There are 2 protein chains.
Amino acid sequence: MTSSRPGRTSSARAEAAGLAALASLVADETRAGFLLALLDGRAWTAGELARHAGVAASTASEHLGKLVAGGLLAEERQGRHRYVRLADARVAQLVEDLAAQVAPTAAVRPRTLREAGAGSAMARGRTCYDHLAGRLGIAVTDALTGLGLLRQDTGFALTDEGVRWFDGLGVPLVRTGRRPIARACLDWTERRPHLAGVAGAALCRHALDTGWCVRIGSERAVKVTAEGERALSELLGIQPETLH
Amino acid sequence: MTSSRPGRTSSARAEAAGLAALASLVADETRAGFLLALLDGRAWTAGELARHAGVAASTASEHLGKLVAGGLLAEERQGRHRYVRLADARVAQLVEDLAAQVAPTAAVRPRTLREAGAGSAMARGRTCYDHLAGRLGIAVTDALTGLGLLRQDTGFALTDEGVRWFDGLGVPLVRTGRRPIARACLDWTERRPHLAGVAGAALCRHALDTGWCVRIGSERAVKVTAEGERALSELLGIQPETLH
DNA sequence: CTCATCGTTCGGCGCTCGCCGAACTGTGTG
DNA sequence: CACACAGTTCGGCGAGCGCCGAACGATGAG
């Protein structure tokens with residue numbers, strides 16, 4: 001079926017075909033919905049995703065097969081359940097970047113009160129796969145920058161004091177594979193960068209572990225607890241009002 | 001035609017639809033080929049792209065209409081020509097990231113000598129939209145890092161000496177909009193990060209302006225000149241052999 | 001003016017692909 | 001063992017979309 005065309009070298013054509021194939025995986029509304037749901041970093045079962053997207057189980061099964069074959073998802077079978085999650089942080093970053101590119105267009109105008117509530121909860125605080133985003137993520141990033149722990153003026157990197165700050169928190173930063181210690185991730189509600197990478201993930205895990213924040217609802221939204229407000233205020237000087 | 005489905009809030013559905021719509025633009029082999037060709041950072045005419053992709057002019061015209069409407073391309077009409085280029089650095093980054101995700105799969109195995117030549121020229125040096133990539137890009141990035149001008153261990157940012165080095169080169173770095181001064185871009189042949197962002201673009205422009213390198217062929221490949229080898233050796237201590 | 005060239009619009013063809021329900025396999029439960 | 005439930009496979013339907021050629025405007029060259 002690969003019609004031989006003039007004009008390009010076959011390597012250029014292969015590159016285009018690969019790019020198109022990857023994009024095709026995301027180019028379906030149902031599959032896109034799966035990927036966005038999975039941005040919460042947790043593993044979902046096939047049935048949960050099917051219900052979430054409002055399609056038949058058979059349809060969801062076919063979609064998951066394609067996403068796994070395409071390397072975007074990793075699966076883990078347990079008994080009669082098929083758990084599926086984003087393949088790695090790289091894929092999560094790609095989905096986030098694509099979603100961020102879309103956001104400006106789809107400027108949010110919620111229709112019902114219920115959605116308005118959900119929308120503002122997501123705007124207050126949420127996770128991008130494994131790090132904090134929303135106003136919460138921005139506040140933390142700004143605070144780190146203001147304290148000289150994170151440098152944004154010439155790129156995006158922790159300072160030496162920043163590394164020590166994480167050590168002091170009891171969260172040593174160990175570099176794994178090619179993932180950078182600090183990376184900027186663009187927030188689609190605030191339109192400003194927040195901390196991602198190894199440090200962003202470590203901080204988010206610490207915040208969930210120690211109860212600074214808890215997940216609300218079944219998706220990405222998180223809520224800062226009273227204890228969390230105290231800790232963020234003490235450690236980073238973040239005013240609780242900033243987070244409301 | 002938007003069938004009302006249960007399960008998700010309508011805002012989540014809208015987000016998924018937007019994401020799918022964006023990906024759909026890239027999910028066609030012909031349009032993907034356009035985007036990859038445009039990664040050279042230059043403006044192409046509709047006819048050039050049609051010939052390059054091996055499709056009829058009418059087909060190319062329809063594709064360009066979609067890409068422009070989707071915000072991925074910017075167009076400029078001059079007389080009877082329609083010049084088109086990537087909308088901005090953000091779009092270029094997105095296309096690069098997607099292409100990099102594909103590359104590991106499509107491990108290159110060139111078929112003809114001609115393609116092998118083109119392939120290795122691309123591997124030696126090329127541009128990603130507006131900055132240097134390939135072995136050339138990696139060599140420059142490594143040299144900057146080794147000299148303490150760029151910091152990669154805790155993120156990706158220029159040091160203060162790095163900023164001064166660019167000033168000394170006669171290429172002041174001015175921050176425009178939200179684009180970061182330094183950003184890591186993953187190279188799909190070397191699988192390692194190279195310098196992008198304002199600094200990467202400035203360095204690339206300087207290299208082309210001063211004749212350190214010149215474009216070869218009609219796409220992204222660039223070649224280091226003898227003068228360029230001298231300059232890179234003097235300024236950054238890059239051994240010419242590294243670039244061959 | 002005449003002609004060539006660049007680009008767009010339109011109609012029609014054919015393929016791909018997402019969707020479902022029904023039938024089936026495999027796993028845990030009572 | 002019977003039964004409920006998670007997930008998969010298959011056949012078939014319908015819509016969407018990429019492709020082309022032909023006809024048509026618009027621009028620039030001779």
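Below, read A as the first sequence line, B as the second, and so on, with proteins coming before strands; counting in each chain starts at 1. Note that the coordinates shown come from a computational prediction; the quantities given were computed from them, not determined experimentally.
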Report summary line: Per salt bridge (Lys or Arg N to Asp or Glu O under 4.0 Å), Asp130(B) is matched among Arg85(B), Arg179(B), Arg205(B), Arg183(B) by Arg179(B)

Report summary line: In Leu243(B), Leu195(B), Leu203(B), the residue satisfying side chain to side chain contact (heavy atoms under 4.5 Å, CB included) with Val140(B) is Leu203(B)

Query - Atom pair distance, as rounded to whole Å: CZ in Phe34(A) and C1' in dG18(C) - result: 12 Å

Report summary line: Exactly one of Leu38(B), Leu86(B), Val95(B) clears side chain to side chain contact (heavy atoms under 4.5 Å, CB included) with Tyr129(B), and that residue is Leu86(B)

Query raised in the report: On DNA chain D, nearest-nucleotide positions of Glu62(B) versus His81(A): which is more 5'?
Result: His81(A)

Query raised in the report: Does Lys66(B) put a side-chain nitrogen or oxygen below 4.0 Å from OP1 or OP2 of dC17(D)?
Result: no

Query raised in the report: Rounded to whole angstrom units, what separation is found between the CG atom of Leu49(B) and the P atom of dC19(D)?
Result: 14 Å

Query raised in the report: At under 4.0 Å, does any side-chain N or O of Thr30(A) touch on OP1 or OP2 of dG18(C)?
Result: no

Query - Lys/Arg N to Asp/Glu carboxylate O, Asp187(A) vs Arg126(A), below 4.0 Å - result: yes

Query raised in the report: Do side-chain atoms of Thr189(A) reach the backbone of Gly134(A) as a donor and acceptor pair under 3.5 angstrom?
Result: no

**Report entry** Residue mapping more 5' on DNA chain C - nearest nucleotide basis, Arg31(A) or Ala46(B)
**Finding:** Ala46(B)

Requested in this report: Tell me, please, which residues at least two apart from His63(A) pass ring pair (Phe, Tyr, Trp, His ring centres under 6.0 Å).
Outcome: none

Report task. Nearest whole angstrom, please: distance from the P of dA6(D) to the CH2 of Trp44(A). Result -> 16 Å

What does the list of N/O pairs under 3.5 Å between the protein and nucleotides 23-30 of chain C look like, with a distance for each?
| unit_1 | atom_1 | unit_2 | atom_2 | d |
| --- | --- | --- | --- | --- |
| dT27(C) | O2 | Arg80(A) | NH1 | 3.2 |

Query raised in the report: Ser58(A) side chain N/O closer than 4.0 Å to the phosphate oxygens (OP1, OP2) of dC19(C)?
Result: no

Query raised in the report: Rounded to whole angstroms, how far apart are CZ on Arg77(B) and C1' on dT27(D)?
Result: 13 Å

Query raised in the report: Between Arg90(A) and Asp88(A), is there a salt bridge with N-O shorter than 4.0 Å?
Result: no

Query - For atom CD of Glu29(B) and atom P of dC17(D), their distance in whole Å - result: 18 Å

Report task. Please state how far atom OH in Tyr83(A) lies from atom P in dA6(D), giving the value in whole angstrom units. Result -> 11 Å

Query - Length of the line joining His63(A):NE2 and dG7(D):P, which is rounded to integer Å - result: 15 Å

Requested in this report: Can you sort out which residues in residues 68-76 of chain A have a heavy atom within less than 4.0 Å of DNA chain D? Ascending by number, please.
Outcome: none

Requested in this report: Please work out which of the three classes, parallel, tilted or perpendicular, describes the rings of Trp44(A) and His52(A), given edges at 30° and 60°.
Outcome: perpendicular

**Report entry** Over 12 foreign heavy atoms within 6.0 Å of CZ, Arg175(B)
**Finding:** yes

